[in-house]
Amino acid sequence: MATYTNPTRSLALLTGLTAGVLAALVLLVVLNERGVQIVEFWREHTETSRRLQASMAWWAVALIAFVAGGVAARPISRFPPPWRAFRTVRWVLGAAAVFALAYVAHGVAPAEGVSPAVQLLASLIALCLAAPMALFGAFFAARR
């Protein structure tokens, strides 16, 4: 017979990972909308100020993923299950997150001077950076 284990820690880590990656995705969309492209970091002919902006964007992606992962994992690790009393709050927060992502990504135009394949590759690399950072943030927030 299977024994019941407390899923609070793993659920907190998974929630922190998801929230951190989604926050990093939102940041990438907002930065692209403002004209800061993370692809500029690798270009040879880019001026120094644009390269500095791109490198700061990479650091911002890592930082926002770390913070969002920790902020999302902290309450889940502190409240004991079952969370049936918070079912409505979870649905409202989930719907708000979906609408916020749709609102942010609605008016995004493609990056200027960058092929879609290069932009996709840079965004995937940034999200691969955001995932472990969000997991680290969730890990440190979920410690007891």
Side-chain angles (χ1 to χ4, degrees), residues 5-144:
T5 59
N6 190 353
T8 304
R9 184 165 175 85
S10 59
L11 183 63
L13 292 176
L14 184 63
T15 302
L17 174 70
T18 304
V21 169
L22 288 177
L25 184 64
V26 167
L27 181 68
L28 285 174
V29 168
V30 169
L31 287 175
N32 191 23
E33 190 175 76
R34 303 258 190 251
V36 178
Q37 298 175 5
I38 59 174
V39 179
E40 296 288 334
F41 184 72
W42 291 307
R43 286 189 172 172
E44 293 286 330
H45 56 82
T46 304
E47 59 194 45
T48 307
S49 64
R50 300 283 292 178
R51 284 183 88 139
L52 182 63
Q53 282 181 346
S55 64
M56 295 308 273
W58 282 97
W59 281 101
V61 165
L63 179 69
I64 197 76
F66 183 80
V67 170
V71 166
R74 183 75 174 182
I76 291 176
S77 67
R78 297 297 176 234
F79 292 129
W83 297 294
R84 289 190 185 108
F86 301 111
R87 187 175 294 164
T88 306
V89 174
R90 288 183 305 186
W91 276 100
V92 168
L93 288 175
V98 167
F99 285 120
L101 286 172
Y103 177 75
V104 167
H106 178 68
V108 175
E112 296 176 13
V114 179
S115 70
V118 172
Q119 183 68 30
L120 176 66
L121 182 64
S123 298
L124 286 176
I125 292 171
L127 292 179
C128 287
L129 165 74
M133 291 303 294
L135 199 57
F136 288 145
F139 175 76
F140 289 125
R143 285 191 318 180
R144 295 197 184 252

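Treat the numbers as computed from the prediction; the structure is a model and nothing was measured.
The two residues A130 and V61 have their closest heavy-atom pair at CB-CG1, 4.2 Å. Smallest separation of non-hydrogen atoms from A12 and A138: O-CB, 4.1 Å. Shortest non-hydrogen contact noted between V36 and Q53 is CG1-O, 3.8 Å. Between I38 and A126 the shortest heavy-atom distance is CD1-CB, 3.9 Å. The shortest non-hydrogen separation linking R143 to R78 is O-NH2, 3.1 Å.
Rounding to the nearest 0.5 Å gives a distance of 10.0 Å between CD of Q119 and CG of L124. Here the straight-line distance linking atom CG of L14 with atom OG1 of T18 works out to 4.5 Å at 0.5 Å rounding. Residue R74 holds its CZ atom at 13.0 Å from CZ of F140, rounded to the nearest 0.5 Å. The distance from the CZ atom of R90 to the CD1 atom of I76 is 9.0 Å, given to the nearest 0.5 Å. F66 CZ to L129 CG: the interatomic distance, rounded to the nearest 0.5 Å, is 12.5 Å.
Crowding of R34 atom CZ: a count of heavy atoms from other residues, nucleotides or ligands under 6.0 Å not exceeding 12.
Under the 3.5 Å distance criterion, the side-chain polar atoms of S55 are matched with a main-chain donor or acceptor of L52.
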Tabulate below the donor-acceptor pairs under 3.5 Å that side-chain atoms of residues 19-29 make, not counting sequence neighbours, or state none.
none

